[in-house]
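Comments concern the structure below.
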Amino acid sequence: MLSLPDQVSACLFDLDGVLTPTAVVHKAAWEETFNTFLLQRSQDDGAPYVPFDPEDDYYKYVDGRSRADGVRTFLESRGITLPEGHPDDLGDLSTVTGIGNRKNTALLEQLREHGVSAYPDAERYLHATQRAGLRRAVVSASANCREVIEAAGLASMLEVRVDGVVARQEGLRGKPHPDTFLAAAERLGVEPAQAAVFEDAIAGVEAGRAGEFGYVVGIDRVGQADALRAAGADVVVSTLAELMDGATR
């Protein structure tokens, strides 16, 4: 019914792009923030202005990573290095933390304007895992994970939350390192081999494989099935409904 190996007793779900379509607002927030920074930098030093691509750049350098890692990775792709900065660098585009904080402000504005809801296939699959007695956790790089799952009506179906806030408090490395997934499995009381990871991001699939989890499901909602397989996904589906219908790739 759920298309999972027999040894799997827990499901670890990424948030953005797997349970909720908040990748759309994340892309818009990153685009606004990075383009403000890139345009300002171009005006200051005369370098060509090449805007952030909300598709190619987002999925290559930002998707699935923590906010700070996303800033560093994208800027490295442009040959730019900035000081780390301080937690209170609100709106300061000259540091990694400042850019990350500006992005978070833009994201919260997007969420307030557009709201958030769960993918219907994800809600259906969560209900099915709950009925089957499988343990369930959400594992996200987002510091706004709690607010999003509550707004989407998913909080009651997820027993454990390991997000950007938890990662910062406990010193967990972000994806593609497996730390956050391993922490979620530990909180659920299962071994990695007993857990399935559900991810739409290349970095997230890499984290699932690095943690030696029992099954890694790639969710391809944007046309990157081959890249998800190359990163280590055991199976790739377009929606979670395909797992219930047996239509896996």
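Sequential numbering from 1 along the given sequence is applied to the chain's residues.
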Listing, residues 166-178 side-chain donor-acceptor contacts under 3.5 Å, not counting sequence neighbours, or none:
| from | atom 1 | to | atom 2 | distance (Å) |
| --- | --- | --- | --- | --- |
| Glu170 | OE1 | Arg187 | NH2 | 3.2 |
| Glu170 | OE2 | Arg187 | NH2 | 2.4 |
| Arg173 | NE | Asp179 | OD1 | 3.4 |
| Arg173 | NE | Asp179 | OD2 | 3.1 |
| Arg173 | NH1 | His177 | ND1 | 3.4 |
| Arg173 | NH2 | Asp179 | OD1 | 3.1 |
| Lys175 | NZ | Asp14 | OD1 | 3.1 |
| Lys175 | NZ | Val139 | O | 3.1 |
| Lys175 | NZ | Glu199 | OE2 | 2.6 |

Practice task
Please step through side-chain contact (heavy atoms from CB on, under 4.5 Å) for the pair Asp63 and Ile202, ending with a clear verdict.
Solution key: CA-CA 8 Å; Asp63 189 29; Ile202 304 302; over 6 Å; no
For [Y], does its backbone N or O pair with a side-chain atom of [X] as donor and acceptor, under 3.5 Å?
| X | Y | answer |
| --- | --- | --- |
| Ser42 | Leu39 | no |
| Glu191 | Gly214 | no |
| Arg136 | Met157 | yes |
| Arg221 | Gly17 | yes |
| Asp163 | Ala143 | no |
| Thr129 | Leu126 | yes |

Exercise for the section: Take Asn35 and Tyr49, measure what side-chain contact (heavy atoms from CB on, under 4.5 Å) needs, and give me the verdict at the end. Expected result: CA-CA 9 Å; Asn35 285 347; Tyr49 170 58; 3.4 Å; yes
If you define the side chain from C-beta out and look only at heavy atoms, does anything of [X] sit under 4.5 Å from [Y]?
| X | Y | value |
| --- | --- | --- |
| Arg78 | Leu38 | yes |
| Tyr125 | Leu2 | yes |
| Leu182 | Pro192 | yes |
| Leu12 | Leu188 | yes |
| Cys145 | Arg161 | yes |
| Thr20 | Leu154 | yes |
| Asp57 | Phe34 | no |
| Leu82 | Val71 | no |

Minimum heavy-atom distance [X]-[Y], with the two atoms named:
| X | Y | value |
| --- | --- | --- |
| Ala106 | Thr33 | CB-OG1, 4.1 Å |
| Gly208 | Val197 | CA-CG2, 4.2 Å |
| Ser117 | Pro21 | O-CD, 2.9 Å |

Handout entry: Full working for side-chain contact (heavy atoms from CB on, under 4.5 Å) between Leu4 and Leu134
Key = CA-CA 11 Å; Leu4 297 174; Leu134 299 180; 3.9 Å; yes
Problem - Salt-bridge contact Asp226-Arg229 (side-chain N to carboxylate O under 4.0 Å) - result: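 Salt bridge present between Asp226 and Arg229.
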Problem - Ion pair Asp44/Arg41, N-O distance below 4.0 Å - result: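 Looking at Asp44 and Arg41, the cut-off is not met.
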Count the heavy atoms of every other residue, nucleotide or ligand shown that sit under 6.0 Å from [atom1] of [X], and state whether that count exceeds 12.
| X | atom1 | value |
| --- | --- | --- |
| Glu186 | CD | no |
| Gln130 | CD | yes |
| Glu159 | CD | yes |

Using atom types as modelled, flag every donor-acceptor pair under 3.5 Å from a side chain in residues 95-104 to any protein atom, sequence neighbours excluded.
| from | atom 1 | to | atom 2 | distance (Å) |
| --- | --- | --- | --- | --- |
| Thr95 | OG1 | Asp89 | OD2 | 3.0 |
| Thr95 | OG1 | Gly98 | N | 2.8 |
| Thr97 | OG1 | Glu84 | O | 2.7 |
| Asn101 | ND2 | Pro87 | O | 3.1 |
| Asn101 | ND2 | Thr97 | O | 3.4 |
| Arg102 | NH2 | Gly91 | O | 3.1 |
| Lys103 | NZ | His26 | ND1 | 2.7 |
| Asn104 | OD1 | Arg67 | NH2 | 3.2 |
| Asn104 | OD1 | Asn144 | ND2 | 2.7 |

Problem - Side-chain H-bond candidate by donor/acceptor type, Thr22 with Asp16, under 3.5 Å - result: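 There is such a pair (donor and acceptor under 3.5 Å, judged by atom type) between the side chains of Thr22 and Asp16.
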Handout entry: Co-membership, hydrophobic cluster, residues Met1 and Val8, 4.5 Å side-chain
Key =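 Yes, it is one cluster - the side chains of Met1 and Val8 are joined through contacts under 4.5 Å.
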Problem - Pairwise distance CZ(Phe213) to CZ(Phe181) - rounded to 0.5 angstrom - result: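 Here the rounded value is 7.0 Å.
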Practice task
Give the C-alpha distance, both sets of side-chain angles, the deciding distance and a yes or no for side-chain contact (heavy atoms from CB on, under 4.5 Å) between Arg112 and Glu109.
Solution key: CA-CA 5 Å; Arg112 282 193 292 269; Glu109 291 173 354; 3.4 Å; yes
Handout entry: Intermediate values then yes/no, salt bridge (charged side-chain N to carboxylate O under 4.0 Å, His left out), Asp121 and Arg124
Key = CA-CA 5 Å; Asp121 61 280; Arg124 179 186 168 205; over 6 Å; no
Exercise for the section: Identify which one of Glu32, Glu55, Gln110 satisfies the side-chain hydrogen bond (donor to acceptor under 3.5 Å, both in side chains) criterion when paired with Lys27. Expected result: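 It is Glu55; the other options fail the test.
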